[in-house]
Engineer: 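This is the structure I have questions about; it appears just below.
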Amino acid sequence: MPVDFQPKIIGFLCNWCSYAGADMAGTSRITYPSNIRIIRVPCSGRIDPLFIAKCFTEGADGVFIAGCHPGDCHYIEGNYYARRRFALMGDLIEYLGIEKERYQVRWVSASEGKKFSQIISAFTDKLAALGPRIKG
Amino acid sequence: MSRIGVFVCHCGRNIAGTVDISTVVEAAKKLPNVVYVEDNKYTCSEVGQDVIKKTIEENQLNRVVIGACSPRMHENTFRKAVASAGLNPYLLEIANIREHCSWVHSDDKEKATAKAIDLVKMAVAKVARHQELFPKQVGLTKRALVIGGGISGIQAALDIADAGHEVFLVEREPTIGGRMAQLDKTFPTLDCSACILTPKMVDVAQHPNITLLTYAQVLKVSGFKGNFEVEILQKTRLVDHDKCTGCGSCWQKCPQKVASEFDFGLGNRKTIYIPFPQAIPNKPVIDTSNCRYIKYQGWEKDSKGKKPPECRICEKVCPTDAVDWGQKDEIINEKFGAIVVATGFKTFDHTTYGEYGGGRYPDVITGLQLERLMSASGPTEGEVIRPSDGTHPKTVVFISCVGSRDDHIGRSYCSKVCCMYMAKHTIMLKEHDPDIQSYVFYIDNRTGGKGYEEFSRRAQEEAGALYLRGRISKIYRDGPKMMVCGDDALMGRPVQIAADLVVLATGMDPSDGVVELAQTLNISYDTNRFLIEAHPKLRPVETQTSGIFLAGVAVGPRDIPDCVAHGSAAAVKVVGLLSQDTLTTDPMTSIVDPAKCVGCFMCEDVCPFSAIYRETTRDGRPVAIINETLCTGCGLCVASCRPGAIDLHGYTNQQLLAEVVSLCR
Amino acid sequence: MMDKNIVKQIRDKAKELLSNGTIKCVLGYETGTDGMNARPAFIYEPEDVDRLIFDNTCTHNLSTYLRDKRENPVAIVVKPCDARAINVLLGERQIEREKVFIIGIVCQEVVQVSWGELSHDAQMRCKICNQHTPVIYDFLIGGPVDESAPKAEPPANVTAMEGKSSGDKVDFWSGQFSKCVRCYACRAVCMGCYCTVCFVDMLDPEWVGIKIATPENQMWNTIRAFHLSGRCIGCGECARVCPVNIPLDLLNMKMEKEVGEHFEFVSGLSSEEPAPLASFLKDESLGIGE
Amino acid sequence: MAELVYSYYPGCALHSSSKEYDISTRLVCEALGIELRELEGWICCGASSAHTTSDLLGLALPAQTLKIAEESDLPLVVPCAMCFSRLKFTIAGLKDNATRNDINKALDEELGQEIEVESLLKVLDGKTISIPVTKPLTGLKVACYYGCLLVRPLEVTSLDDIENPTMMDGLVQNLGAESIDWDFKTECCGAGLPIARPDMVLDLSYQILSQAKSLGADCVAVACPMCHSNLDMQQKKMKSEDGQRLNLPILYFTQLIGLALGLSAKELALRKHFINPLPMLRDKGLA
């Protein structure tokens, strides 16, 4: 694996909590690794789990998903359904041989800019250590 | 064929300081369908917006990408700009190269630039799939709900009502007035709290446009901006307020005394009561958990203790037969166009602080308790005495920041009003009894505000309060005295003061139940359980849920003048909303392709807003249809639709996949 | 080996229903062209009912044909597994209960079938099956049987696969998916695959690249597995019909195992119970989000 | 066969200056069917010189004893508040990887993290075991003094409230005595400074004792040899402004339990104290 391997991370963030949390990290000027590219969605419930599979098929090294904490969903119940879908998709991709470390779902609120940056830093480090998903 | 224009914003040095704009511009030029790229110092400025407008016209752009700050910041600004050029405002996409890039990757300009390019690339790929979207017009209920009858809620309700709109004011307690009603005087003018508050309370009661619901609580909220459907619980008072004249003979005659919540247990009230003499409504409620007759009814042979007396004295003495033992809790359903949340605060529970006695010392009291002791309508009719032995204190020690600025008890914030009310208390104590010597232990003496610093000086110079900078390590009892041990940080030595009374400047905690309410309204709250504004500076009374507004301490600690201003500000927003005749709905809703729909109605099962209904096609297939006014655009149905028949305007599968693919290929 | 009594009952019932006009058609089994293994039969006339048979080669899940409403009202011969499929279709509002007459058959096991040879070893899924009486039927044939069978444990081959390292899993699956020719026989035979337009056939959004190569094939099979999770009743038809012998049921069985463990849900036991992905419990964590 | 078996770590003080604590502890435990097995080869916990000189040393010394305790495979009971504090600090240290490595290196051993250390007070507070009181301490007013080390810091000892602990109070009430509600339960007595700053120790200790006295306490119950020596041995040097002596007996809580179990003053070595408790106990008919 190349020494300075830069993992390619795709992030899906719900607009109301997590995307705002990421904005908060920005307004607070908290730095974190630049590898993640964020896709804005209205709710974690909008994220078709197949997007995750698609990201890996297209060559992403890691997929990150964040939504409102349970009970705080802007759309009341979105993240509860999402939680079930993501759990199943996690099982499936792991079964297909994609290390489960490459796929992370976290609850990040609008006020948790610091938490967001910490999660991303840790996730990026982990992926860097894992190396490219498609070897060779 | 889409003709995309890309505008990269420097945001002064905010973006340009980290991201190499020219590199981004060059890269953008090479992207598919991009026909024009330009960078501006401040794209959001009038100049910047004019450039966008001009360029769209000159280059017949039909799609626009703006690389700038978070879309949560300026998406609407730029949509307007795009629209002003005659382009559909939804043919715009924003690449967040500030909050998600320059501000968080300032440590590596190269990588930040590379990321900025990617973000623009994704936006370009996505915008190519954008379609024109057209908002719809819906009617609205010209009527507001204000939750919380403290000074903020009262102000908001009055202003909305004066503007000619109907208002429901819902208060959990039996009276409105909130915390301000418990104060004796207010800083820095020292005018009597009741004298300035009660007239406003009366106005509320008498205002033709205001329906006052005290002893009531909001249970459920559904619907959306302009048309909320709210379920309100009117708790039973066991008193018919239409018959009751508030003559007071019942609460004079009621034999059952209980500690008064309003006086923080320093005095008693009856079980049929009004919390304080100027209460609005000036009509009593029966406290069912303590009423003798209720106990009498609930008493059973096997239950312990002897049978309580039947009592019913209130009923007997009532001249208008207003006591109604049969009265039940009542559910009220109403529609509102807008909601103001003004749930206020409670004082911090100081028993957490063992070193201050953990609530075991009767002569260690809170600021609000002192207010009650000093108030002419309080339990002691304004005589300041020690709760323990009723003697008059001569030496009073104030301790600041109890439940504020202390991470150990999970309160890192400043409660803002304590420094000022301590100053007020020292001055008032001096007026009550010139022999009283006050000591104030403070961390910082924060007196920002008109006339505040002067007021604080007055406390020290005229009322002779001694200010000592330092914390208290322990309070112990020495006979009747409270020995207060602390350090005088300025003199750099420990001090011990033998006090008669210790007053804790307890900070502000959000009211109980605010989290549950926030979840019912689905608005967000911070780690301290204060409600979150849509923008801390630019949208201080709005929430992320349109149609729901905030006022007062529920958002964060502030004093009375700020609360009044906040309440009025919220009212203006509400009035602005209610003065419209129709509302334009967000067109970013879900849409069904009936050809693909297989009629499994999984979408119907998951939709939290019941925005999906069934319809039968001409060929007799049952298919799902979206009610666009009910649909909030969460996209839950899209991800649950196996045949891919549902999609979400603005976040279609094409658009999101385009972002993924553009990034990876 | 054929149970004369069962066959007679099927034929009598079929004749009765067809003659009195209750139904237009009977979906059942008849002896196949190799003279030993059964194949699906569509019986329209009372006089044809004698073609109907039932034995342990009747592996096909006929419920897949119920999607064609032209046959309604229809009678169908179902094994316990196929009966669960009917519940799934009912739950997904794909068939109307009153238009389908269910002839349920108590079944111990079916054997592995391949054209021209008669096998005697039961299919793996039957070895761990503990449901021998159909959960839904209008007319029951056979039984009663001892249902106190041990609870079905996860299939051994799934647990084995789970045990492998990520690397080995990748090798295994890319090996399998490299064989896939995307003939979609698995989709055609599956009672759960009834979308008008399948994700894999959409060009825009392009969920799956049209190129027939391992990553694309894997994406297709991922979609298939995910779209069937919480709905697959394990009839194994997908694997049976795969011309290149990809063990597709290995994916479906895994998903059903997880659905069972996460949500305590078994597909097709009832048509009333809400689908696992269309319901939730507020306080479940599922190891997600923390 | 005893119902409860513990490893026992007396610590240096109980083998020298505070023998009576050791004696009463062993007697009481025996009477209550608690078997104490003194650890083979325990060493000094180092308090308070070790941890004030070197953090690692302050952790490594207790760790040595912990290692033996771990091998004993029994929960370890500690009477001395200081030893208890040091052992607990070491266990807290072991939870942190870096610190654990340092300690393991220093000892050239591998310490686990799940070593159970209990304060004697917790073991005897009447909740773990019931105390068959034969001679209730009726009419005895006790000021329960916990000192600063037993309960602080909460996250390390997790024993009781740090400002107003009540374990010992509950215990003496069980014994039939009355525990006074006072404010110096966890104030520092000056601990290790009687040599360096006797003046300070006398002030601090006097404050503590005078409030106990003023609230009518007949004696002070302690769970720490250091506190005991300060409050007992130094007491004769303390005088109120008007020259009054306090003459307030300082007893180990184990001695109170002993009395209530009907053990004799002699057995419990009550005479070893500088302030003789016997006259007071005789007035009360408790000795």
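Within every chain, numbering begins at 1; the chains are lettered A, B, ... in the order of the sequence lines, protein sequences first and strands thereafter.
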Engineer: Let me confirm one number: the CZ-CG distance from C:Phe226 to A:Asp91, rounded to the nearest 0.5 Å.
Structural biologist: 10.0 Å
Engineer: To the nearest 0.5 Å, what is the distance between CG on A:Leu88 and CG on C:Leu277?
Structural biologist: 5.5 Å
Engineer: How about A:Phe86 and C:Leu286: do any of their side-chain heavy atoms sit closer than 4.5 Å?
Structural biologist: no
Engineer: Can you check whether C:Glu162 reaches A:Glu94 side chain to side chain, under 4.5 Å on heavy atoms?
Structural biologist: no
Engineer: Give a yes or no on this: more than 12 heavy atoms of other residues, nucleotides or ligands lie within 6.0 Å of atom NZ of C:Lys179.
Structural biologist: yes
Engineer: Is C:Phe177 in contact with chain A via its backbone, its side chain, both, or neither, using a 4.5 Å heavy-atom distance?
Structural biologist: side chain
Engineer: What part of A:Asn79 gets within 4.5 angstrom of chain C, counting heavy atoms only: side chain, backbone, both, or neither?
Structural biologist: neither
Engineer: With under 30° as parallel and over 60° as perpendicular, where do the rings of C:Phe280 and A:Tyr81 fit, or are they tilted in between?
Structural biologist: perpendicular
Engineer: Answer with side chain, backbone, both or neither: which region of C:Gln218 has an atom nearer than 4.5 Å to a non-hydrogen atom of chain A?
Structural biologist: side chain
Engineer: Can you tell which of A:Leu50, A:Val105, A:Ile98, A:Asp48 has the highest number of heavy-atom pairs within less than 4.5 Å of chain C?
Structural biologist: A:Leu50
Engineer: Do A:Tyr80 side-chain atoms and C:Asp283 backbone N/O form a donor-acceptor pair below 3.5 Å?
Structural biologist: no
Engineer: Stepwise, does the side-chain contact (heavy atoms from CB on, under 4.5 Å) test hold for A:Leu96 with C:Val170?
Structural biologist: CA-CA 6 Å; A:Leu96 290 169; C:Val170 171; over 6 Å; no
Engineer: How long is the span from the OG atom in C:Ser166 to the CD1 atom in A:Ile93, to the nearest 0.5 Å?
Structural biologist: 10.5 Å
Engineer: May I ask you to test the C:Thr222-A:Phe56 pair for a side-chain heavy-atom distance under 4.5 Å?
Structural biologist: no
Engineer: Can you tell me how far apart CD (C:Glu258) and CE (A:Met89) are? Round to the nearest 0.5 Å.
Structural biologist: 13.0 Å
Engineer: For C:Val208, is it the side chain, the backbone, both, or neither that has a heavy atom closer than 4.5 Å to a heavy atom of chain A?
Structural biologist: backbone
Engineer: Find out whether C:Lys254 and A:Leu92 are in side-chain contact, i.e. whether some heavy atom of one side chain is under 4.5 Å from a heavy atom of the other.
Structural biologist: no
Engineer: So, do A:Arg84 and C:Ser279 sit near enough that their side-chain heavy atoms are less than 4.5 Å apart?
Structural biologist: yes
Engineer: How long is the straight-line distance from NZ of C:Lys169 back to OH of A:Tyr95, given to the nearest 0.5 Å?
Structural biologist: 8.5 Å
Engineer: Does any backbone or side-chain atom of A:Glu58 lie under 4.5 Å from a heavy atom of chain C? Answer side chain, backbone, both or neither.
Structural biologist: neither
Engineer: Say you draw a straight line from OG of C:Ser229 to CZ of A:Arg85; how long is it, rounded to the nearest 0.5 Å?
Structural biologist: 11.5 Å
Engineer: Taking C:Trp207's backbone N and O only, do any of them form a donor-acceptor pair with A:Lys54's side chain (distance below 3.5 Å, no angle check)?
Structural biologist: yes
Engineer: Does any part of the side chain of C:Trp220, heavy atoms only, come nearer than 4.5 Å to the side chain of A:Thr57, both counted from C-beta?
Structural biologist: no
Engineer: Heavy-atom pairs under 4.5 Å with chain A: which of C:Pro215, C:Ser174, C:Pro276 has the most?
Structural biologist: C:Pro276
Engineer: Need one label for A:Phe51: side chain, backbone, both or neither, based on atoms under 4.5 Å from any heavy atom in chain C.
Structural biologist: both
